[in-house]
Each structure stands twice: as structure tokens, then as C-alpha cells.
Amino acid sequence: MIASAAKADQTTRSRLGGELDQHAVECVLGIQAAKDTFEQLEDRDHSPADGVIWRRRRVAWDNPGTNELSGLCVNELRISPGAAGHIRPRVAMAAPGLVDFEAIENAYWQTYWAGGALRLERGQKESRLFVNLRELTCSRSGAPRGPWEDLTELTRRIEGGEWKDEYTDLIPALQPTLRRDGESPLRIARYLPAFHPSWTVQAEEQVLAATNAGYFLNFPEEYEDGVSALHQPIGALYSDGVLHMPPWIERPCVVEWLDGRRSIELLGPGDLVLTVDEFEPMPLGRDTLSDRRAFAWRAFDGPLPAPPKGVSTADVVFSGSGLVAVVEPGTRQPPLGGAIVRVTGEAALPWRRWIENPGAGPFPNWRLDIATSRREQPSFILASGPKLLLDGRVLSEDQMFNPLAAGEFRPDGPPPTRFPYDASRTRAPRTALGLTRDEDWVLVVVDGRSDMAHSVGCTLEELARLMAHLGCRSALNLDGGGSSVMAVEGVGRLDQLKPGLAQGVVNIPSDPGNRERVVPVALNVVI
């Protein structure tokens, strides 16, 4: 076993939260370990900047009644309110030209796994053309002509048998098996750029550390509607003054405000405001029986209600933050990565004119905004879930998975609500973000799944108890499993847990070969 690393001073230790001793592990994981089998393997910390501290703690014990060794590895990043560094979501689609080839290759490998290998297992044989969404962004002003129609035209030409080598530049030349194969159909799937979180630490001088962030579309049926994309984030995503993803799905969000305050709160379609031309901004409700002029409808909400009689009505189709179509009411289904916003009354007239005579005049000007109860504007918003702690108290399973009524976290929930309704049964790699009473951000990555002797992982309940043990009053689960990764600037190869990990990676990712998974959004600690 590895000997403990040098200890930090007591001031630093108290700042980092509770010790991961035998009592703490037994409380967090509910295991019983004899004193003579419990061993502290490592307690190491490093400060890449003032007020930013990384700490890794590892312990091991013998399972009672067996000869097997179990372990727990916890990596923690703590960022104080006055720190030299602060958290910011890093969004791949907002930074053209910054994704390296390896990240593109890995993204393509993911599309092959989700769109190719998985389909073959189901007996569905087809070839796919993957188109980078960076080249397919919809204009928000003027006629919605361009990328969406280009994609439609490309689809038509392929279906008409016009597929030629001239289009191969749209596909990284890595998996020729994805090209047309005999008589199998060739379908188009779109993907957003994605990258390794550790790459941002290596490539950008202002980044001190990085972890994975929230959930994203990753299964074939989640992006087969033609307008949703692989790697499309789920839930609210706002950063640098840009609403990258509206909160079409209710999820708890971590929020940092421009005045420096930090919070975790629930955001959904009811927190959106749609502005059309010169009309007053319209809050989007979910109650179709109210007198609202606009409401949002998602794929899992069931059949769209009938439009009101004698009232101008239009259905505006959104995929993420992009407007993809304006159609007659009831003629289109909401995409899984977005929603249909039904507009009624005077505000529907500009859309009605476009439906009835496309191209005859300018396309209506529109804007989606997040409306909050505060006067201050947010600095960033990031959705994930479920919520783990409230006022330092571990939430029950029912409280964690609230709201269920919107389709969120249902055991039988449709994509993209695949997260299992399970707080106490499945141990897995986990990533979480917590907030202490002193408003320290606490980012945690717990290893699991790949090597039980290294780390058994934890359930959501255990993760909640761990965050409380670290001094958090509120905490939110982030994406986990193979996505869980933490990278820290200034950590050398000798401080890494295994040879072959990407530079700066301080945990052991659980994907095959301990390969770091690409993500469309990372949580970066930046200066």
C-alpha cells in the first residue's frame, strides 16, 4: 500500500472540511471496518492559486467475512468566495477552433458507439453521416434559411442516391464502416463539439482545474428527431451573457450572481421569457388553461392540447436555444432536446404571416431570456441533478427526485430523462458541487466501478452524506459514471494515481482503459 503523503498544516486542513477517517467512511458508506484492517493510504493537497485548494484522500479496508480489499478515493476542490480563481462553465460550442483533433476523434468514437454499435446490437443495420453542429447553427434573424435547409437538402440528396466521396470531409475518416453499406439506409446525425476537461487545463493558461459538468444527449433515440444533437446539454446553461441552453426541463441549477452570491435553485420553462418584435415580453407558463400568451410543451408532456378557437395561434419549435421551425398548431412534435412554444393572440400574428406566406417579409425578431426573481443578473447557470442537500440535511429519495410530474427522473421516464430513480442502491463514480455556509464552492469527484480495491464509488445518498461531511449546506449531483474526472494544474506525473492518464488528471476515470470521456461542457476554475 502507498504511504501517506506529507500533511498540510492544521489551518489548511480545517479549511478543507472533515477528515476521511474510519468513522467518516463508516458514516458515509455504512460499512463496518475493523481498526486493524482500516488504513489511510493518502492525504495530499495542493493549492494552484490563493483560495483554491485541491485535496485527495484515499483509504482502504478489508471487507468483513471476505478476503477482498475495498477502497475509497475522494478528490476535492474548494474555492473560497475571495479566491484568485472562480468557477465558470466552459462550453465547447461557444469557442470555435479550440477543440483539438483527439477530442474530435473521441467525440466521433462516442457517436459510433451510440449511433452505430448500439444499433447493431439491436439488429438495426444502418450507416450514419455525422455532421458537426458548429457548421449548422440557425440564424436568429431573417428567414430561417441556411444550415437547417442545407441539412434537409443533404438528406434529400443522400436519400436520392447522390452520396459521393465529395461529402467525406463531413466525416472524420476514422470509421469507414459508417459509410453506406450495401442497401442499408444512410442517416444523418448531428453532434456538438466535445472535449476532455483536462485538455482545458493543458491548453488554456487561465484554467487552474476542471471537472465534468451536467448531462447531455448521448443515446440514439435522443437525437433522432433531426434537430436535436449528440452532446446537446440538458437543462439550463448560461455563461458569459449567452443562454446556451434554455431550461426546457426542470432541473436544479447552481447559480452564481454578478454580485458574487451563490445559490442552488430549481429552474424550468416557467423561468423563460419570449420576446417577439415590438410586443411585450411573454413569460412562458406550463398551465394551458391560464390566460398566458405563450406556453412551452415538451416531448414527454403528452399530446399537445387543441389550439383555442378563433384566436391567432402558432407553434414555434425550439431545439436547445435555436428556433428550428414555425408551423401550424399541432403539426409538429416537440424535439427531445427542446420544446414547442405555442404563441396566441397578437404576438402570434408575425408568426402567422410567416406561416401563410414564407419569405414575403422579414422573419420576426425574437429572443429567449431567463427571468429570475432577483434584480441582479446571473454570472452563470448550470443545471444538473438531483439535489442532494438542503440546509445541511440529506434529502430523502422522493425529495431528491422532485419534480416527478414533469417527467424528470421517472423510473419509466423517456429520453432524455434516463437518470435512474435510485438514491440508495447503485454505487458508481460520482461528481458533485456543493456550497458551504461560508459560500465556498466544493467540487468533488469520487472514483468507482473500475477497481473496487481502489474505490467502491458511492450511491447518491452516500454522496449526500459525504458532501455534508465536507461542510456543505447544499449540494447538487453532476453527471457521473465514465464522465467523472478531475484535472488540476501543477499536479505532476508522480502525483497521478496511474501511468498513462492525461496530464493533470488526479482521479482514475472508469471508462475502458481509464480513458477520459469527452464532454460538451466542463466546470473550470479560472483566474
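As the structure is a prediction and not an experimental result, all values here were calculated from the model. Hydrogens, waters and symmetry mates are skipped; everything else that's a heavy atom, side chains included, is used.
Considering every non-hydrogen atom in both Gln333 and Ile340, the closest pair reads C-CD1, 3.8 Å. The two atoms that bring Asp315 and Pro329 nearest to each other are OD2-CA, 3.2 Å, heavy atoms only. Shortest non-hydrogen contact noted between Gly385 and Pro252 is CA-CG, 4.0 Å. Nearest heavy-atom pair across Leu266 and Glu250 is CD1-C, 4.3 Å. Residue Leu388 comes nearest to Leu476 through the heavy atom pair CD1-C, 4.0 Å, listed as atom of the first residue, atom of the second, then distance. Nearest heavy-atom pair across Gly457 and Arg427 is O-CD, 3.8 Å.
With sequence neighbours left out, Ala210 forms a side chain to side chain contact (heavy atoms under 4.5 Å, CB included) with Pro197, Thr200, Val201, Asn524. Among residues two or more places apart in sequence or in another chain, the ring pair (Phe, Tyr, Trp, His ring centres under 6.0 Å) test is passed with Trp351 by Phe363. The salt bridge (charged side-chain N to carboxylate O under 4.0 Å, His left out) test applied to Arg465 returns no partner, not counting sequence neighbours. Residues meeting the salt bridge (charged side-chain N to carboxylate O under 4.0 Å, His left out) test with Asp259, sequence neighbours left out: Arg261. For Ala423, the side chain to side chain contact (heavy atoms under 4.5 Å, CB included) partners at least two apart in sequence or on another chain are Glu397, Met400, Phe401, Leu460, Glu461.
In this structure the side chain of Trp441 never reaches within 4.5 angstrom of the side chain of Pro81, judged on heavy atoms. Side-chain contact between Trp366 and Leu323 is present, with heavy atoms from C-beta onward closer than 4.5 Å. The closest side-chain heavy-atom distance from Glu346 to Arg293 is not below 4.5 Å. In this structure, the side chains of Leu217 and Ile234 come closer than 4.5 Å at one or more pairs of heavy atoms. In this structure the side chain of Asn212 never reaches within 4.5 angstrom of the side chain of Leu523, judged on heavy atoms. The side-chain heavy atoms of Val525 and Val207, taken from C-beta on, include no pair separated by under 4.5 Å.
Under the side chain to side chain contact (heavy atoms under 4.5 Å, CB included) rule, Leu243 has a single partner from Leu237, Ile370, Asp369, which is Ile370.
Using modelled atom types, one finds no donor on one side chain facing an acceptor on the other under 3.5 Å when comparing Ser424 with Thr459. A donor-acceptor contact under 3.5 angstrom links the side chains of Ser396 and Gln399, judged on distance only.
Interatomic distance, Arg517 CZ to Ser510 OG, rounded to the nearest 0.5 Å: 7.0 Å. Interatomic distance, Arg88 CZ to Phe380 CZ, rounded to the nearest 0.5 Å: 6.0 Å. Remark: Leu389 CG to Arg473 CZ distance equals 10.5 Å, nearest 0.5 Å.
Aromatic ring pairs are classed by plane angle as parallel below 30°, tilted from 30° to 60° and perpendicular above 60°; the pair Phe318 and Trp248 is tilted.
Under the 4.0 Å criterion applied to side-chain N and carboxylate O atoms, Lys387 and Glu265 are not assigned as salt-bridge partners. Between Arg262 and Glu256, at least one side-chain nitrogen of the basic residue sits less than 4.0 Å from a carboxylate oxygen of the acidic one, meeting the salt-bridge criterion.
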Expected list for residues 272-283: side-chain donor-acceptor pairs under 3.5 angstrom, two or more places apart:
residue : atom : partner : partner atom : Å
Asp277  : OD1  : Asn365  : N            : 2.8

